[in-house]
Amino acid sequence: MAAKISPDCGPANVWGRGDRSNARLGRWIQRQAVTVLGAAFLVLSTASSQAQTAQRAEFEQLFQASLRNPSDAALAFRFAEVASQIQDYEAAIGALERILFYNSTLGRVRLELGILYFRLGSYAQAKSYLETVLAEPDVPFEVRARVQPYLTEIERRNSRHGFQAFAQIGVRHQSNANAGPDGGNVRIFGFDGQISQNFARRPDWNLFALGGMRYVYDFDNQRGDTWETLVQGYATRQNRFTQLDVLLGEITTGPRLAILPDVLTGWTFRPYIIANGFQLGGNPYMRTLGYGASVAAPTPFGGIIEVGAESRRRTFSSSFTYPTAYGQTGRLDNVYATFVYPMAPWARLNLRAVLGRNSSIESYNSFSQNGLEASLSMDFEPPFAAIQKRWTVTPFVSRYATRYTTPNIVIDPFVRRNDTDWRAGVAFDMPVHENFGFGAQLVWSKTTSSLANYRTNNFTIVMGPTARY
């Protein structure tokens, strides 16, 4: 769960001054974005349900036709295609192997069988079929380019040491980089005040770099136990507001253990520890040490749900730029639940819910928080035939409500701060090579608050090349 002072926007500037017309426009755009995304989720969910019903009906028709005419290759191909779409890989494999029984020279069938066995987790069988495809004379370049990533992934998954990495560099522009308040009025010691235009909301851009590495060690026991480690980093360099330059690193590590694997298939328990460090404006700002645990399980109707809790001891460091930061030192506890559901072979729904409580040295920095996040990742074929990997578009929306414990007398001794943070946007992931691609995000964020000092809105554009290994 993100702290109220985050690397994305920096501390709220109580001396900022906003544009009222921009605030009204921001509220209108925020409402429209939420409405459009909500409608998109509903439409896509309905369309997915209807498509699955139609695919299941076609599957039954093709199955009956295949029984009547088992040697019809075209019919078997279509049946295998539909079976794959509804993720009945065993049925698809049976149809394609029946084709090989009548004609063992079809390289396309061996290619599709290799991919299906890969999806089923039968890596030895998948490797056998895929290697026979590459052994054929005069294999087309596009076929070789399609097969090789599967063989590489099989080699990785068969190893006890699993390693994945992601990195992106690029540029980000924000319409309200200094988190200036929307209006010209703020509260100071309980009174309204006008603020200088020099501290109004201001745009800025930055260069950024982010990266992450995930290492999984397989204990190679029959239970399927592993040890998982995730390392993440993020850094920015602002053009104008260098006091908001960010340097952040975090590590999470711990085992993932099967729970009664003979009874609860797919259930796992993961205890872990967390440590991170955060610099702001070139000075140490926060460090964290904590722990957590989660339980993950498959659901009867598809998908995976994970429920967990974690506790972090956060220590803030004051500096010339942020002289009161130490007052935020304390403990942040939260419970969370995530749900990933494959709505279709090309669409995945991701949901996350969070409940948290932060206790700080200064009571006006203590708060309770609840949040909801939703996103829908949709894969589609790229516009260029030479690109072998699918592109992904992900619309998302989130809402976090934060209620502070006591008023801050410097702001208003009689009004407690209550914030509601909205984010809505869309992310694009466009690989152009097995390891390289391009990523972009468009994000609208909006904060409503009981105190004018913290009412902000911001539009962000992020883009840059990506790398995966």
Side-chain angles (χ1 to χ4, degrees), residues 1-2 6-9 29-49 51-52 85 87 164-174 208-212 214 230 232 234 302-306 336-354 371-384 387-400 421-446 458-468:
M1 182 172 61
S6 70
D8 280 342
C9 62
I29 292 178
Q30 179 258 316
R31 289 194 297 269
Q32 300 306 311
V34 172
T35 301
V36 169
L37 286 173
F41 279 122
L42 180 61
V43 169
L44 287 167
S45 178
T46 303
S48 174
S49 177
Q52 288 179 352
Q85 290 172 354
Q87 298 183 349
Q164 293 176 308
F166 172 82
Q168 182 179 21
I169 59 173
V171 62
R172 180 180 67 171
H173 182 271
Q174 298 181 88
F208 75 88
L210 64 88
R214 182 173 181 265
L230 178 64
Q232 302 177 86
Y234 180 67
I304 297 175
I305 188 169
E306 185 167 12
Y336 60 88
T338 62
F339 176 57
V340 180
Y341 175 60
M343 299 176 62
W346 50 269
R348 298 169 302 283
L349 177 65
N350 302 275
L351 302 174
R352 178 178 172 86
V354 178
L372 291 171
E373 303 174 13
S375 65
L376 183 64
S377 298
M378 296 172 287
D379 302 330
F380 60 96
E381 296 297 332
F384 309 106
I387 299 176
Q388 298 297 315
K389 301 192 71 174
R390 284 187 165 191
W391 290 4
T392 304
V393 58
T394 305
F396 58 87
V397 64
S398 68
R399 177 189 182 275
Y400 278 82
D421 300 307
W422 286 91
R423 292 179 75 248
V426 60
F428 302 91
D429 182 24
M430 297 167 282
V432 296
H433 179 268
E434 179 184 348
N435 300 116
F436 302 103
F438 186 83
Q441 285 190 31
L442 304 176
V443 185
W444 182 267
S445 57
K446 173 75 176 179
N458 184 35
F459 183 72
T460 303
I461 301 175
V462 180
M463 60 183 67
T466 61
R468 285 182 175 86

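Between Ser375 and Arg352, the closest side-chain pair of non-hydrogen atoms is not below 4.5 Å. The closest side-chain heavy-atom distance from Thr394 to Arg348 is not below 4.5 Å. In this structure, the side chains of Asn350 and Thr338 stay at 4.5 Å or more apart for every pair of heavy atoms. When side chains are defined from C-beta on, Val432 does not count as touching Phe438, because their heavy atoms never get closer than 4.5 Å. Side-chain contact between Glu373 and Tyr400: present, with at least one pair of heavy atoms (C-beta onward) separated by less than 4.5 Å. The side-chain heavy atoms of Glu381 and Arg390, taken from C-beta on, include a pair separated by under 4.5 Å. Taking 4.5 Å as the limit, some side-chain heavy atom of Phe208 sits within range of a side-chain heavy atom of Gln168. Contact check for Ser445 versus Trp422: no side-chain heavy atoms found under the 4.5 Å cut-off.
Using modelled atom types, no side-chain atom of Asp379 and backbone atom of Thr392 make a donor-acceptor pair closer than 3.5 Å. A donor-acceptor distance shorter than 3.5 angstrom exists from the side chain of Trp391 to the backbone of Pro431, with no hydrogens or angles considered.
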Evaluate the side-chain contact (heavy atoms from CB on, under 4.5 Å) criterion for residues Gln441 and Thr460: first the C-alpha distance (whole Å), next the side-chain angles of each, then the deciding distance (0.1 Å), finally the verdict.
CA-CA 8 Å; Gln441 285 190 31; Thr460 303; over 6 Å; no

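The line from CZ of Phe459 to CG of Leu442 is 5.0 Å long, rounded to the nearest 0.5 Å. The CE atom of Met343 sits 6.0 Å away from atom CG of Leu349, with the distance rounded to the nearest 0.5 Å. The distance from the CG atom of Asp421 to the CZ atom of Arg423 is 10.0 Å, given to the nearest 0.5 Å.
Ala353 and Leu372 get closest at one heavy-atom pair: CB-CD2, 3.7 Å. Taking both residues in full, the closest heavy atoms of Val354 and Tyr336 are given as CG2-CB, 4.2 Å, listed atom of the first, atom of the second, then distance. Closest non-hydrogen pair, Lys389 versus Glu434, comes out as NZ-O, 3.6 Å.
For Ile387, the CD1 atom is densely surrounded, since the number of other residues' heavy atoms within 6.0 Å is greater than 12.
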